[in-house]
Structure formats: C-alpha cells, structure tokens
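Here is how names work: the chains are called A, B, and so on, in the same order as the sequence lines, proteins then strands, and each is numbered from 1.
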Amino acid sequence: MSDKKRYLITAALPYANGPLHIGHLAGAYLSADIFARHLRLLGKEVAFICGSDEHGAAITMRAKKEGTTPQAIIDTNHGIIKDSFEKLGVSFDIYDRTSSKLHHKTASDFFTTLHEKGAFEEETSEQYYDEENNQFLADRYIVGTCPKCDHEEAYGDQCENCGSTLSPLELKNPTSKLSGNTPILKTTKHWYLPLNKEEGWLKDWIVDGKGRSEAWKKNVLGQAKSWLDSGLQPRAITRDIDWGIPVPLEGAEGKVLYVWFDAPIGYISATKKWAEENNKNWEDYWKSDDSSLIHFLGKDNIVFHSIIFPSMLKLHGDYILPTNVPANEFMNLEGQKLSTSRNWAVWVHEYLEDLPNYQDELRHTIIKYMPETKDSEFTWASYKEVVDADLVGNFANFINRVVVLTNKYFDGKVPDFVANAQVKDSKGENSTAGAELKVLEVKLKTLSEYISTYNFRSAQQTLLEISTIGNQFLQTNEPWKVFKKDKEAVKPVMNIALQIISALSVVCRPFIPFASDKMRTLLNLKAIEDNGEWKDLLDILAEGKPIIENEHQIGKPIHLFKRIPEEVINSQIEKLKNNQPKTINYEPVKKAIDFEDFMKIDLRVGTIIEAVKVKKSKKLLELKVALGFEERTIVSGIAEFYKPEDIIGQQVVVVVNLAPKKLRGVMSQGMVLMAENEEGKLDFVHPSHDFGNGFIVK
RNA sequence: UGCGGGGUGGAGCAGUAGGUAGCUCGUUGGGCUCAUAACCCAAAGGUCGUAAGUUCGAGUCUUACCCCCGCAACCA
C-alpha cells in the first residue's frame with residue numbers, strides 16, 4: 001500500500017435506472033467499504049465517495065416506456081439505492097447524485113476547461129433520427145439489412161449473422177427499434193475526446209507502471225492493455241438527447257454531455273459537497289500528492305477508470321491520477337448470470353425487508369465469494385453454510401464461550417494479565433500469556449496487510465483464523481477442567497481469551513460492522529468511532545500491554561449470530577424461481593409486404609434425421625433434414641437449447657429456397673423455422689400431427 | 001470472430017518470485033462437554049484440461065490444441 005496521508009476512495013456510481021443487487025455489492029461496494037473502514041481505523045484521513053449516476057438515454061427510454069418522467073425514475077431509484085447502502089452499513093462519507101446543481105456546474109466547468117485548452121475535436125456528421133420520438137438513434141436502436149450478407153436484422157454497429165462491424169449508414173432498409181419507422185438522416189455536430197493522442201503516456205503509465213506506486217490487478221491490467229493494444233479511438237462526449245448536462249457552448253442547444261463523461265466527474269462534485277459540509281478542502285484530496293485516489297469498480301467499468309477518466313484528469317491538469325483501480329469480476333447467482341431484465345437477482349432492498357438485521361450475514365457471504373480474480377457464484381445454500389459455519393460456529397461461538405466462562409468463573413470481571421504466566425498455546429505447547437499476545441499481534445498485522453493489498457477474501461479468512469485459534473486455545477487449556485482443581489491457573493487463560501475478543505471487536509468491523517457494535521456493548525467497551533482504534537490496538541500490543549484492562553466488568557452472554565433456518569433459504573430460492581420478467585418487449589411489427597413477396601418464400605415440411613454439433617461453435621448444430629424429394633444439410637443456431645440426440649425425428653418447417661450460406665465452414669442449405677420468446681429461447685415450428693415430408697407450408 | 005479470465009482431491013476455491021500440492025465444506029474415526037447438536041484432533045481422497053518443450057527440478061515458464069465463463073448490446 002502506498003502510505004499516504006489522505007485517501008480518496010470512490011466506488012462506481014450505480015446507475016439509477018434500477019435498484020441495487022448483490023452483484024453490485026460484490027463488484028465494488030463491499031471491497032471499497034472494507035478498505036475505507038480499515039483506513040479510518042488506522043487513523044487515516046479518508047473521503048469515501050459515491051452517488052447515483054442519473055443521466056443517459058436508458059433512463060429517458062425507461063421513463064417513456066413506463067409513462068413517467070426521468071426525474072421520477074431517478075428519484076425513486078436514488079432513494080432505494082441510498083437507503084440500501086445505509087442499511088447495509090456501507091460507510092460512504094457522502095452518497096450524492098449527478099442531478100445535483102453542484103454536479104451540473106462542476107461537470108460543465110470541467111468541459112469548458114478542456115474545451116478552452118483545445119482538448120476536443122469537433123465533427124459534424126449525418127445520423128439517423130427518429131421523428132416520432134424526436135431523437136437521434138444510438139447504433140443499437142437501428143436495425144436493417146446487412147450490406148454484406150443480406151441478413152435482415154443487423155444492428156447499426158454490427159451484423160450478428162456474418163460478424164462484420166458496421167456503421168448505421170451502411171444498413172439497407174434501416175428501421176428504428178423505438179417506433180418501427182424508417183428514420184431520417186439529420187446532420188449533427190459532436191465533440192470528441194481524441195484518446196488516440198493520449199496513448200503514449202497511458203502506455204507508459206499502465207503497461208510500464210511509470211509513475212504508479214502500486215501494482216494493479218491482473219484482470220485490470222489485461223483489460224486496459226487490450227484497449228491500448230487495439231489502438232484508442234476518439235470518443236464522442238456529447239449526445240443529442242434532452243436528459244443530462246447541457247453542453248455549455250453556443251450552437252450546442254439540445255445537446256448534453258455523454259453520461260460516461262459526466263459520471264466520473266460526479267466523484268469530484270460529491271467530494272466538493274462533502275468538503276463544504278464538513279469544513280474540508282476538496283482540493284487536498286484531488287490535487288495533492290499527499291493523497292491517494294483509489295477507484296473501486298466492477299470489470300465492466302475498467303476502461304473508463306483506467307483510460308478515459310485518467311485522460312480527462314490529465315488533460316484538465318492539476319489532478320492526481322488514480323493510485324489503483326481494484327476491479328472485481330462478476331458474481332453469478334444460483335448458476336446463472338444476474339439479470340435485471342429477467343429479474344434474476346437478489347435485490348438488496350428486498351433482502352433487507354425479508355431478512356431484517358441480517359446485514360452482516362449478507363456482507364460476510366458476499367465477501368467470502370467475492371469475485372476478486374474471476375467470476376464467482378452466490379447460492380442460498382452456501383449462504384446458510386457460511387453463516388452457520390463461520391459466523392455462528394466459529395466466530396460467535398468463540399466469543400460466547402469466553403463471555404460465558406468469564407461470567408461463570410469470575411462474575412464477568414477480567415482476571416489479571418500476567419505476562420509470564422504459563423498457558424498452553426493453540427497447538428497445546430507450553431507458552432506464556434505475553435507470547436500469546438504476540439501471536440495475536442502478528443495476526444492483526446497480517447490481516448491489515450491483506451486489506452491494504454486488496455486481498456479481501458484472504459483478509460476475511462485471517463479474521464476467522466483468529467477465532468479459530470481462540471477456539472483451539474480454549475480446547476488445549478481446558479479451563480472448565482482446570483478450574484475444578486486450580487482456579488488461579490485459569491486466570492491467565494481467560495485473560496488471553498478476553499484480549500482476543502476485544503481485538504476482534506475492532507478488527508472485525510470492516511467486514512461485519514453490526515457485530516462489531518454489539519461486541520463493544522457486550523464487552524462494555526467504548527463505542528468505536530472509526531478513528532484510529534486499530535492503530536491504538538497495535539500500539540498497545542507493540543508495548544506488550546494488554547488491550548482490555550484488569551478487573552474490567554463485561555456484560556452477560558448474548559448470541560451475536562443465529563443459524564439460518566432451512567425454511568429461509570428455501571423461500572428465497574422459491575421467490576427467485578417465481579420471479580417473472582417484469583416487462584416483455586415485443587418486437588415491433590415489420591413493414592407490410594406484398595402477397596407476392598410472401599409467396600417467394602418456399603416453406604416445406606421436413607424431418608431431422610441427423611444432428612451433430614458444429615465444431616468450435618457453441619450455438620450451431622449441423623442437421624440433416626429429410627424433405628422427401630431430397631435431403632439437405634442445414635446449420636441451425638439451436639445448440640444451446642437442444643442436444644443433437646434429442647431432436648432426431650423432430651418434424652420441422654424449412655425455408656428451402658434461401659440462398660446457401662457457409663456457417664463455421666459448413667454450407668447450410670436452408671433454414672429451420674423457430675419461434676423465439678422474450679428470453680431468447682427457441683422452439684420448433686412444426687405440424688401438430690405427424691405429416692409427410694416435402695409438402696408445402698403456406 | 002476480437003478481447004479478458006479460467007480449467008487443481010466429491011463440491012467450492014488458494015497457490016504470490018519454479019524446489020515436499022494447501023484451504024473451506026462434505027466423508028470416516030476419535031476427543032471434549034465451557035459453548036448456538038456448536039468446539040478440538042486425526043485419517044482417507046489429487047498423474048494440478050491435453051500434448052510437447054525449457055530446466056537438475058514445473059500447478060507455477062514457452063508453444064500448440066481442447067473445454068468453460070465473461071466482455072464486445074452504457075446491468076457491479
């Protein structure tokens with residue numbers, strides 16, 4: 001860890017078009033929270049910044065679809081998200097929003113400064129415009145016929161049939177996905193950030209590590225490098241929509257800053273607001289070499305935080321560059337990708353409602369399975385397993401044992417610490433109280449080191465090792481046996497055990513803050529103010545002194561955690577499976593065609609007689625279809641839904657006069673008709689009774 | 001197709017700078033009874049995706065291939 005005086009920690013701004021789910025927590029917020037809490041406990045100056053990202057076309061479209069306003073959408077979601085973070089104990093110093101006045105001004109000024117420095121390029125071009133919706137169309141909202149392979153549903157940026165990269169202007173018969181109409185061409189002017197000019201120093205900085213004080217994670221470097229290697233392109237930073245921050249230039253009416261330009265500036269405006277409210281100077285955090293800037297995010301945001309935002313900061317001047325960009329990969333849920341549209345997620349606000357006061361349990365499980373190096377998975381079964389084993393059996397049980405024994409034998413008073421008193425260590429070897437305190441000190445340092453180097457899973461494991469050692473320590477010393485014959489000999493044992501749980505009450509805080517508070521109450525110790533308590537602990541231990549004083553009176557035993565009943569996880573799994581997609585987007589009806597056009601298509605009934613998977617492809621099956629008068633080889637993209645052996649004998653409808661087309665090296669002579677539902681699942685279209693082959697369908 | 005990540009005992013994962021293969025859960029046996037049927041000890045179980053190469057020595061480096069996941073659609 002770069003040992004700086006001040007730390008500016010950001011977590012990616014959640015997009016306010018939906019609530020928060022566990023994937024978000026796993027991606028950025030819990031790691032950031034652990035990191036920030038740890039630094040505060042070490043007595044560092046910390047600003048932990050986040051807020052809602054509230055601009056962008058997706059929000060306006062959602063508003064249109066739901067018949068409401070963008071403002072209403074962001075107000076609702078900002079409220080839910082903010083509340084979820086608070087209740088879960090994510091300790092932002094400020095959770096701001098990009099629709100705020102201050103942010104508008106900050107982003108606007110930032111743009112102006114860059115513009116005055118001549119950092120942008122202007123370019124006028126023709127773009128498709130949907131007259132019904134009064135807006136320019138993003139590439140993905142235009143479909144048409146591919147100029148290369150005549151596939152009829154190519155997108156504005158790419159044809160999924162032949163894989164070629166396209167521009168919307170190349171498409172034949174372009175159609176707006178919004179209205180189904182043919183869009184018109186309009187000229188429009190946009191400002192571009194010429195990232196290609198920044199390549200030089202970015203390479204030095206990212207690839208060679210020039211001017212960086214910390215090693216970056218492998219996945220982050222990999223992503224950033226691949227962007228650099230493929231050559232950076234100028235990126236448009238303005239858009240023709242009416243929701244966002246107006247471009248502060250003459251002749252730019254009706255244009256706004258593109259969200260990814262305005263969003264990261266949100267970190268700056270939020271810092272300003274926080275500084276104002278707390279009597280601090282925001283520039284100390286953003287413009288001083290004493291400060292370390294660390295961006296936490298999920299992998300989809302790597303390019304913005306490693307390349308684009310640093311370029312913006314550098315071009316603006318005065319700003320420091322990020323020390324590190326610790327990005328996590330993605331978390332899956334019960335074997336499947338999290339998906340907002342399919343409602344396949346554990347929503348944080350729903351979790352908090354269903355399982356109130358189980359915040360630490362969720363935090364612990366997500367940290368345990370945090371996708372630090374690769375995608376990981378959350379299952380309710382593992383949630384129960386981890387809570388029962390780690391939190392109940394190991395952690396809380398150890399604390400409970402100590403508290404019960406102390407109450408039983410010494411009326412809840414801490415017996416005296418004697419440094420050279422004889423005790424057994426966790427392995428059963430002879431040791432002294434002082435030596436055992438050293439063992440604890442070493443563990444605390446290891447734990448601290450892991451957090452500082454972004455190894456949060458290892459850190460959590462180290463935390464649990466401390467209570468494991470505690471459990472072993474009790475086992476080898478057997479105070480319940482010894483007490484019967486030698487009360488004095490039990491005193492140093494219980495003292496050490498109490499030292500350990502006192503330390504735990506502090507160092508567990510970044511992970512399970514609610515338990516930390518309960519432990520302080522239970523032990524009758526001063527409430528933690530997140531201000532150097534961990535450092536104090538290490539200082540005391542370094543002097544060989546005990547953490548909790550002799551004769552200190554602790555409270556009565558309580559259960560910090562409870563086992564998760566089987567019914568709870570069953571009902572959660574049930575709930576997940578019953579979730580239906582909330583909205584269905586029906587494809588717009590295509591343009592009318594003549595009867596003659598329709599009759600050009602020759603459809604026939606056939607039967608699949610052979611099926612094998614096409615090598616090197618995941619979607620394609622090579623089928624042999626009997627059509628009566630002949631047999632055809634047809635390649636069909638159904639491998640994800642059907643096993644080859646299961647579809648032999650299946651009757652199908654085939655387009656027999658479609659021009660042959662080579663797919664993955666196999667010539668396909670026709671097309672099997674399939675119905676596709678909103679999840680993209682495919683099913684055969686076929687006669688409802690066994691029918692001969694080769695007959696016409698009309 | 002381009003790019004990123006990965007393939008390690010039954011399951012889920014660690015393996016940092018090449019030198020006896022670790023952890024959690026599960027399984028089996030034992031111990032303890034202070035504790036939330038929690039805790040502690042021990043055992044069984046792996047040719048580290050495949051093939052070749054570098055090396056005295058490779059899970060760890062090189063090359064080829066096979067397989068899985070993700071990003072290339074403003075969902076961390």
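Qualifying ring pair (Phe, Tyr, Trp, His ring centres under 6.0 Å) partners for A:W380, counting only residues two or more places apart in sequence or in other chains: A:F378, A:Y383.
For the pair A:H21 and B:C75, the ring geometry does not qualify as stacking, because the centroid separation below 5.5 Å and plane angle under 30° are not jointly satisfied.
Across B:G53 and B:G57, the matching C1' atoms stand 15 Å from one another, rounded to whole Å. Separating the P atom of B:C13 from that of B:C56 is a span of 37 Å, rounded to the nearest Å. Remark: the separation of the C1' atoms in B:C40 and B:C34 is 13 Å, to the nearest Å. B:G49 and B:A58 have their P atoms separated by 15 Å, with the value rounded to a whole Å. B:C32 and B:G18 have their P atoms separated by 47 Å, given to the nearest Å. Using atom C1' as the reference point in both B:C25 and B:G9, the two lie 13 Å apart (nearest Å). Between the C1' atoms of B:G15 and B:C61, the separation comes to 16 Å (whole Å). On the C1' atoms, B:U36 is 39 Å away from B:C48, given to the nearest whole Å.
Taking a cutoff of 4.0 Å between a charged side-chain nitrogen and a carboxylate oxygen, A:R62 and A:E66 qualify as a salt bridge. With respect to the salt-bridge test (charged N to carboxylate O, under 4.0 angstrom), the residues A:R363 and A:D33 qualify.
Within the 4.0 Å cut-off from OP1 or OP2 of B:C41, not a single side-chain nitrogen or oxygen of A:Q475 is found.
Residue contacts shown for A:A396 include a base, since a base heavy atom lies under 4.0 Å away. Across all strands, A:L20 comes closer than 4.0 Å to no nucleic acid atom at all (heavy-atom distances). Using a 4.0 Å heavy-atom criterion, one finds that A:T468 contacts the sugar-phosphate atoms exclusively. Using a 4.0 Å heavy-atom criterion, one finds that A:L25 contacts no nucleic acid atom at all. Contact annotation for A:F561: base contact, defined as any heavy-atom pair under 4.0 Å involving a base atom. Among the atoms of the strands shown, only primed sugar atoms or phosphate atoms (P, OP1, OP2) are found under 4.0 Å from some heavy atom of A:A28. Within the nucleic acid shown, A:L405 comes within 4.0 Å of at least one base atom, counting heavy atoms only. Across all strands shown, A:N471 has heavy atoms under 4.0 Å from sugar-phosphate atoms exclusively, and none from any base.
Interface remark: the A:Y258 side chain does form a donor-acceptor pair with the B:C74 base, using a distance-only criterion of under 3.5 Å.
In this structure, the nucleotide among B:C75, B:U36, B:A35 sitting nearest to the side chain of A:K408 is B:A35. Distances were taken from every side-chain heavy atom of A:F330 (C-beta onward) to each of B:C32, B:C25, B:G70; the shortest belongs to B:G70. Between B:C40, B:C39, B:C32, one nucleotide has an atom nearer to the side chain of A:R401 than all others, and that is B:C39.
Counted by atom type alone, A:H295 and A:T10 present one or more donor-acceptor pairs between their side chains at under 3.5 Å.
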### Message
Please evaluate residues A:I302 and A:V325 with respect to the criterion side chain to side chain contact (heavy atoms under 4.5 Å, CB included), reporting the C-alpha separation (whole Å), side-chain torsions for both, the decisive distance (0.1 Å), and the verdict.
### Response
CA-CA 8 Å; A:I302 290 173; A:V325 185; 5.6 Å; no
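Rounded to an integer number of Å, the gap from A:Y15 OH to B:A73 C1' is 14 Å. Taking atom CD1 on A:I501 and atom P on B:C39, their separation rounds to 17 Å, with Å as the unit. Between the P atom of B:U33 and the CG atom of A:N400 lies a distance of 18 Å, rounded to the nearest Å. In this structure, A:E478 places its CD atom 9 Å from C1' of B:G31, rounding to the nearest Å. Look at CZ on A:R563: it is 13 Å from C1' on B:C25, rounded to the nearest Å. When rounded to the nearest whole Å, the span between CZ of A:R239 and P of B:C74 equals 10 Å. Following rounding to the nearest Å, A:E377 (CD) and B:U24 (P) show an atom-to-atom distance of 21 Å. Separating the CH2 atom of A:W480 from the C1' atom of B:C34 is a distance of 6 Å, rounded to the nearest angstrom.
Aromatic rings of A:H190 and A:Y258 (six-membered ring for Trp) have centroids beyond the 6.0 Å cut-off, not under it. Under the 6.0 Å cut-off for aromatic ring centres, A:F483 and A:Y409 qualify, their centroids lying closer than that. Aromatic ring centroids of A:Y29 and A:F85 lie under 6.0 Å apart. Ring-centre distance between A:H305 and A:Y267: below the 6.0 Å cut-off.
Comparing A:V402 and A:K427, the nucleotide of RNA chain B nearest to each residue sits closer to the 5' end for A:V402.
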When you compare the protein's N or O atoms with those of nucleotides 26-30 of chain B, which come within less than 3.5 Å of each other, and at what distance?
none

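Here CG of A:L25 is found 6.5 Å from CG of A:L362. Values are rounded to the nearest 0.5 Å.
Formation of a donor-acceptor pair under 3.5 Å by the A:H364 side chain with backbone atoms of A:E361 is not found in this model. Remark: the backbone N or O of A:H559 is not paired with any side-chain donor or acceptor of A:N400 at under 3.5 angstrom. One N or O on the side chain of A:E54 and one on the backbone of A:S99 form a donor-acceptor pair closer than 3.5 Å. In this structure a side-chain-to-backbone donor-acceptor pair under 3.5 Å is present from A:K217 to A:E372.
Only one option out of A:V402, A:V439, A:V423, A:D425 pairs with A:F473 in a side chain to side chain contact (heavy atoms under 4.5 Å, CB included); it is A:V423.
Of all heavy-atom pairs between A:I81 and A:A16, the closest is CD1-CA, 4.3 Å.
Applying the salt bridge (Lys or Arg N to Asp or Glu O under 4.0 Å) definition to pairs two or more places apart or across chains, those involving residues 462-479 of chain A are A:K443-A:E465, A:E478-A:K481.
For the segment residues 387-395 of chain A, the set of residues with a heavy atom within less than 4.0 Å of an atom of RNA chain B comprises A:V392, A:G393, in numerical order.
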### Query
How does each nucleotide of nucleotides 4-9 of chain B score, in 5' to 3' order, for protein heavy atoms under 4.0 Å: base (B), sugar-phosphate only (S), or none (-)?
SSS---
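Pairing analysis of RNA chain B (Watson-Crick: purine N1 to pyrimidine N3 plus N6-O4 or O6-N4; G-U wobble: N1-O2 and O6-N3; both under 3.5 Å) yields stems of 3 or more pairs at B:1-7 with B:66-72, B:10-13 with B:22-25, B:27-31 with B:39-43, B:49-53 with B:61-65.
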